[in-house]
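Here the structure comes first, spelled out in structure tokens, and everything after it is commentary.
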Amino acid sequence: MAEARWYVVHTYSGYENKVKANIDKAIENRHLKEQILEVRVPMQEVVELKNGVQKATQKKLFPGYVMIHMIMNDDTWYVVRNTRGVTGFVGPGSKPVPLEDEEMESLGIRQEALVVDFKIGDTIIVLSGAWEGTVGMIQTVNEQKQHLSINVELFGRETRVELSFAEVKKMD
């Protein structure tokens with residue numbers, strides 16, 4: 001399976017959040033969660049002085065651009081490229097160019113690969129969050145997203161819960 005990389009998409013100015021919402025909706029409708037992992041509109045906090053009052057606001061770091069962490073293939077390219085408000089991928093011609101790890105680190109996004117040996121059927125305990133202390137058996141493992149899912153009993157019914165690798169510990 002190909003590795004997920006970060007790509008930059010050019011949008012109409014002012015449509016960044018709308019494009020993000022449209023891509024998120026397409027991911028859900030087309031079941032592409034395993035291929036398009038994250039969509040971001042990079043923001044930075046800016047302190048403005050208005051009428052003698054300082055106010056912290058969020059400003060777009062790169063107006064007109066949206067960043068997407070995805071596995072590039074024909075399906076994902078088509079979905080993103082044909083999203084309303086998207087004018088194209090950043091790169092020569094129609095060939096998207098992924099960002100380098102150094103470029104991502106300068107934006108504060110780190111690719112920390114957490115190496116774990118979780119597999120389906122292992123018993124784990126939840127270390128933090130709403131399910132802290134819950135013991136469960138792993139049902140699915142997604143190494144790309146660094147998530148796993150377990151079934152927990154909630155109101156007498158089994159319910160699937162998705163957790164990050166950092167929230168759980170394998171039981172011996």
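Computation of the quantities below employed the complete heavy-atom set of this structure, encompassing side-chain atoms and omitting hydrogens, waters and symmetry-equivalent molecules.
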Donor-acceptor under 3.5 Å (Asp122 side chain, Lys119 main chain): yes
Heavy atoms from other residues, nucleotides or ligands near CG of Asn29 exceed 12 (cutoff 6.0 Å): yes
Nearest-0.5 Å distance, CD of residue Glu38 to CZ of residue Arg40: 4.0 Å
Check: Gln35/Asp75 side-chain N/O donor and acceptor closer than 3.5 Å: no
Spacing of NZ belonging to Lys170 relative to OG1 belonging to Thr123, to within rounding of 0.5 Å: 9.5 Å
Gly64 backbone acceptor or donor facing Glu16 side chain under 3.5 Å: yes
CE/Met137: more than 12 non-hydrogen atoms of other groups inside 6.0 Å: no
Within 6.0 angstrom of Arg160 CZ, more than 12 heavy atoms from elsewhere: yes
Backbone of Ile71 reached by a side-chain donor or acceptor of Thr76 within 3.5 Å: yes
Atom pair CE/CG of Met67 and Leu61 - distance to nearest 0.5 Å: 9.0 Å
Student check: side-chain heavy atoms of Asn22 and Asp24 closer than 4.5 Å: no
Leu148 side chain reached by Ile120 side chain, heavy atoms, under 4.5 Å: no
From CD1 (Ile23) to CZ (Arg84), nearest 0.5 Å: 13.5 Å
Under-4.0 Å salt bridge between Lys33 and Glu28: no
Heavy-atom check, side chain of Val90 versus side chain of Val9, under 4.5 Å: no
Centroid-centroid distance, Phe89 to His10, less than 6.0 Å: no
